[in-house]
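Step one of this worksheet: look at the structure below.
Proteins get letters first, then strands, A, B, ... in listed order; numbering begins at 1 in each.
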2 protein chains.
Amino acid sequence: MKQFSDLTPSAERIVDAAEGLIQTLGYNGFSYEDVAKIVGIRKPSIHHHFPSKMELGAVVAQRYTHRFREALLHVEGTVSKAPARLRAYADLFEATYEKSRRLCICGMLGAEADSLPQEITAQVKRFFSVNLEWLTTVFAEGMAEGSLKSGHSAAELAEAFMCTLEGALVVGRGWPQAHGPRRSAEVLLAALAP
Amino acid sequence: MKQFSDLTPSAERIVDAAEGLIQTLGYNGFSYEDVAKIVGIRKPSIHHHFPSKMELGAVVAQRYTHRFREALLHVEGTVSKAPARLRAYADLFEATYEKSRRLCICGMLGAEADSLPQEITAQVKRFFSVNLEWLTTVFAEGMAEGSLKSGHSAAELAEAFMCTLEGALVVGRGWPQAHGPRRSAEVLLAALAP
DNA sequence: GTCTATACTTGGATAGAC
DNA sequence: GTCTATCCAAGTATAGAC
């Protein structure tokens with residue numbers, strides 16, 4: 001498949017535009033025409049870089065996951081204790097939320113999964129796998145170091161935590177008074193404090 | 001606006017079909033042709049009952065919220081303690097999840113909100129308001145009766161709880177190994193046990 | 001209430017010139 | 001890399017007969 005890493009500058013602007021459109025309108029809600037308007041070129045020029053919409057969607061998801069992994073690596077390098085790492089993780093979602101209440105790309109694509117080509121849903125699965133693996137490790141460390149209450153397995157805690165954050169983005173779009181992912185994460189982490 | 005309560009039998013079958021389609025494909029992902037195939041009639045016959053797609057979507061959301069309220073009323077009537085009520089609430093989401101991993105109608109429409117007409121997003125807002133109000137009351141009762149740990153406000157707990165359940169449905173679609181809303185709710189409620 | 005026929009628009013995609 | 005021109009399919013919607 002096409003790699004996001006060898007995108008030309010034009011291709012990158014297209015991916016930027018598509019990313020924002022998927023986050024707000026969904027994959028089925030945006031068109032090449034929308035992208036063209038944002039980038040300032042014409043529809044067929046988009047096709048020159050991404051022959052099919054499916055390819056464009058897959059690259060958007062791929063790049064998104066890659067950037068998320070970079071952010072996770074950065075958290076590992078700069079934050080040591082488990083609860084603080086989880087708060088830093090929640091802040092990644094909060095940052096998305098603050099950008100005019102955008103959705104997580106893979107939350108949106110996950111919701112739409114049944115109407116998407118396999119090439120895209122595969123990227124979505126990978127995003128969730130990567131995140132849950134990372135969170136599971138952090139929860140396990142937290143329980144081992146005694147900074148998090150145990151009771152359920154690290155994997156179960158990780159899944160619940162991620163669901164809360166993904167859900168907070170969804171609810172945040174549908175309900176204007178919502179408080180966003182950071183707040184809900186705080187509620188959970190307070191309950192899990194030993 | 002059209003009331004779901006005075007739907008003719010044909011109109012009801014159309015709403016049934018549209019509900020399932022929105023839950024799996026999203027509002028932007030289904031067409032009148034899809035509905036026609038399921039119901040076994042032709043496209044223009046759908047228009048006879050619902051002149052525009054927007055009306056159909058709004059009625060689907062309206063009926064969904066109404067049924068949810070009935071379910072909440074039933075829980076109030078049959079379950080007394082707060083933690084048990086919250087588990088019964090989570091089971092409403094679990095039931096949706098078990099139906100081939102369908103999404104909450106308003107979770108899906110909430111995600112797609114920016115590409116939807118106001119008539120539909122208004123219904124989505126109402127769904128979340130109704131649910132959060134009910135959950136807030138239950139959490140408040142739980143804290144009052146001592147069956148739930150306090151620390152955050154009932155409203156904050158309610159929001160976090162609902163986000164977890166909505167998120168569990170989204171993650172469940174994108175990640176096949178997911179365990180569903182009941183499991184994540186259990187993790188949260190265990191952490192909130194006094 | 002349902003049908004056929006049809007209008008109009010948009011969306012994804014290709015050909016070929018510059 | 002970008003454009004104009006164009007194709008074809010699909011999607012929403014309407015008119016009018018049965």
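Taking side-chain N and O atoms only, His47(A) has no distance below 4.0 Å to OP1 or OP2 of dA15(C). A sub-4.0 Å separation between OP1 or OP2 of dT2(C) and a side-chain N or O of Ser10(B) is present. Between dT2(C) and His49(B), a contact under 4.0 Å exists linking OP1 or OP2 to a side-chain N or O. At dG1(D), one or more side-chain N or O atoms of Thr8(A) fall inside 4.0 Å of OP1 or OP2 (strictly under the cut-off).
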Check the pair Tyr97(B), Phe93(B) against ring pair (Phe, Tyr, Trp, His ring centres under 6.0 Å), reporting the backbone distance first and the verdict last. CA-CA 6 Å; Tyr97(B) 181 77; Phe93(B) 283 75; over 10 Å; no
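One can place CG of Leu25(A) at 15 Å from C1' of dG11(C), the figure rounded to the nearest angstrom. What separates CD of Glu55(B) from C1' of dT12(D) is a distance of 13 Å, to the nearest Å. Spacing between atom NZ of Lys53(A) and atom P of dG11(C) amounts to 9 Å, rounded to whole angstrom units. dG11(D) atom C1' lies 13 Å from atom CD1 of Ile46(B), rounded to whole Å. The separation between Leu21(B) atom CG and dG11(D) atom C1' is 14 Å, rounded to whole Å. For the pair Asn28(A) CG and dG12(C) C1', the interatomic distance rounds to 13 Å; values are reported in whole Å. Rounded to whole Å, the distance from NE2 on His48(B) to C1' on dA17(D) is 14 Å.
Cation-pi geometry between Lys53(A) and Tyr32(A) is not met: the NZ or CZ atom fails to fall both under 6.0 Å from the ring centre and inside 45° of the normal.
Residues from residues 31-41 of chain A with heavy atoms under 4.0 angstrom of DNA chain C, sorted by number: Ser31(A), Tyr32(A).
Residue contacts for Phe50(B): at a heavy-atom cut-off of 4.0 Å it reaches no nucleic acid atom on any strand shown.
Ser31(B) is listed as a side-chain neighbour of Asp34(B), based on a closest heavy-atom distance under 4.5 Å. Put simply, the side chain of Gln62(A) reaches to within 4.5 Å of the side chain of Met1(A), judged on heavy atoms.
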Pairs: protein N or O with nucleotides 4-7 of chain C N or O, under 3.5 Å:
unit_1, atom_1, unit_2, atom_2, d
dT4(C), OP2, Arg42(B), NE, 3.4

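Ring geometry for Tyr89(A) against Phe68(A) counts as perpendicular: the plane angle is over 60°, on a 0 to 90° scale with 30° as the lower cut.
Side-chain atoms of Glu70(A) and His74(A) include no donor-acceptor pair closer than 3.5 Å. Residues Glu145(A) and Ser147(A) bring a donor and an acceptor atom of their side chains to less than 3.5 Å of each other. Between the side chains of Gln118(B) and Thr121(B), no donor-acceptor pair of N or O atoms lies under 3.5 Å.
With hydrogens and angles disregarded, no donor-acceptor distance shorter than 3.5 Å links the side chain of Glu166(B) to the backbone of Gly167(A). At distances below 3.5 Å, not a single donor-acceptor pair connects side-chain atoms of Glu159(A) with backbone N or O atoms of Ser184(B).
Ring to ring, Phe139(B) and Phe161(B) are close: their centroids are under 6.0 angstrom apart.
A salt bridge links Asp16(B) and Arg63(B); the closest N-O separation between the charged side-chain nitrogens and carboxylate oxygens is under 4.0 Å.
With the end axes of the helix from dG1(C)-dC18(D) to dC18(C)-dG1(D) each set by five pairs, the angle from one to the other reads 10° at 10° resolution.
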